J.: 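Structure incoming, see below.
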Amino acid sequence: MLHRDDFQGLLHGVLRRSGGRSVHALSGDIDLITGDALVTRVREIADGANPFDLDMADVAFIDSTGLRSLFRLHDVVTARGGRLRLLHPSETVMRQLELTHTADQFEIVRTAPGDAGAR
């Protein structure tokens with residue numbers, strides 16, 4: 001199943017569900033303008049019984065408001081008994097997580113499954 005989302009024209013998402021796993025691939029900016037809409041959308045689509053992955057390889061910008069949105073997404077998914085993973089975070093996303101000392105608050109997979117260095 002494939003579904004496309006557009007958040008204010010600044011952030012785009014493609015949702016894929018496969019094998020009991022939901023992957024929402026994001027591209028664009030996560031900030032004051034798009035963060036709340038992203039959280040609302042994940043509330044609609046997250047199935048607490050299954051893991052929920054955010055593919056962040058194409059996130060070009062994230063500010064402190066966007067980071068707060070990631071924490072809210074984590075809360076939404078875990079409150080439903082699910083698990084949130086951040087897949088392939090862009091350098092911009094990783095820099096924000098490292099500068100704020102919050103990277104350890106998320107399950108992060110930096111490389112594709114099966115690649116050396118996956119965490």
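All residue numbers refer to positions in the sequence shown, counting from 1. These numbers come from a predicted model, not from an experiment.
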J.: Sequence neighbours excluded and cut-off under 3.5 Å, please list the side-chain donor-acceptor pairs for residues 89-96, or say none.
T.:
unit_1 : atom_1 : unit_2 : atom_2 : d
Ser90  : OG     : Val59  : O      : 2.7
Ser90  : OG     : Val93  : N      : 3.3
Thr92  : OG1    : Ala60  : O      : 3.4
Gln96  : NE2    : Ile62  : O      : 3.2

J.: Mind listing the closest non-hydrogen atom pair of Leu86 and Met56 along with its distance?
T.: CD2-SD, 3.7 Å
J.: Might you work through the side-chain contact (heavy atoms from CB on, under 4.5 Å) test for Thr102 and Leu70, ending with a clear yes or no?
T.: CA-CA 11 Å; Thr102 56; Leu70 291 183; over 6 Å; no
J.: Taking all heavy atoms of Arg68 and all of Asp36, pick out the closest pair and write down the distance.
T.: NH2-OD1, 3.9 Å
J.: Test side-chain contact (heavy atoms from CB on, under 4.5 Å) on Thr78 and Leu84; report intermediate values, then the result.
T.: CA-CA 7 Å; Thr78 58; Leu84 176 71; 5.6 Å; no
J.: Work out which heavy atom in Ala25 is nearest to a heavy atom in Arg16; give both atom names and the distance.
T.: CB-NH1, 4.3 Å
J.: Can you classify the ring geometry of His74 versus Phe106 as parallel (below 30°), tilted (30 to 60°) or perpendicular (above 60°)?
T.: perpendicular
J.: Taking only residues two or more places apart in sequence, or in another chain, which ones meet Phe61 in a ring pair (Phe, Tyr, Trp, His ring centres under 6.0 Å)?
T.: none
J.: Any donor-acceptor pair under 3.5 Å linking the side chain of Thr34 with the backbone of Asp29?
T.: yes
J.: Of all heavy-atom pairs between Val39 and Ser69, which one has the smallest distance, and what is that distance?
T.: CG2-O, 3.8 Å
J.: Has Ile33 got more than 12 heavy atoms of other residues, nucleotides or ligands less than 6.0 Å from its CD1?
T.: no
J.: If you take all heavy atoms of Arg41 and Leu15, which pair is closest and at what distance?
T.: NH2-CD2, 4.5 Å
J.: Among the clusters formed by ILVMFWY side chains lying less than 4.5 Å apart, do Leu32 and Leu67 turn up in the same one?
T.: no
J.: Do you know the tightest heavy-atom contact between Phe71 and Gln105?
T.: CE2-CB, 3.7 Å
J.: Please test Arg17 against Ile45 for side-chain contact (heavy atoms from CB on, under 4.5 Å), starting from the C-alpha separation and ending with a verdict.
T.: CA-CA 10 Å; Arg17 293 186 193 256; Ile45 61 179; 3.4 Å; yes
J.: Can you check side-chain contact (heavy atoms from CB on, under 4.5 Å) on Val76 and Leu73, steps first, answer last?
T.: CA-CA 5 Å; Val76 165; Leu73 293 172; 5.6 Å; no
J.: Report yes or no: does Asp55 contribute a side-chain atom to a donor-acceptor pair with the main-chain N or O of Ala57 at less than 3.5 Å?
T.: yes
J.: Check salt bridge (charged side-chain N to carboxylate O under 4.0 Å, His left out) between Asp53 and all other residues, then give those that pass, not counting sequence neighbours.
T.: Arg21, Arg85
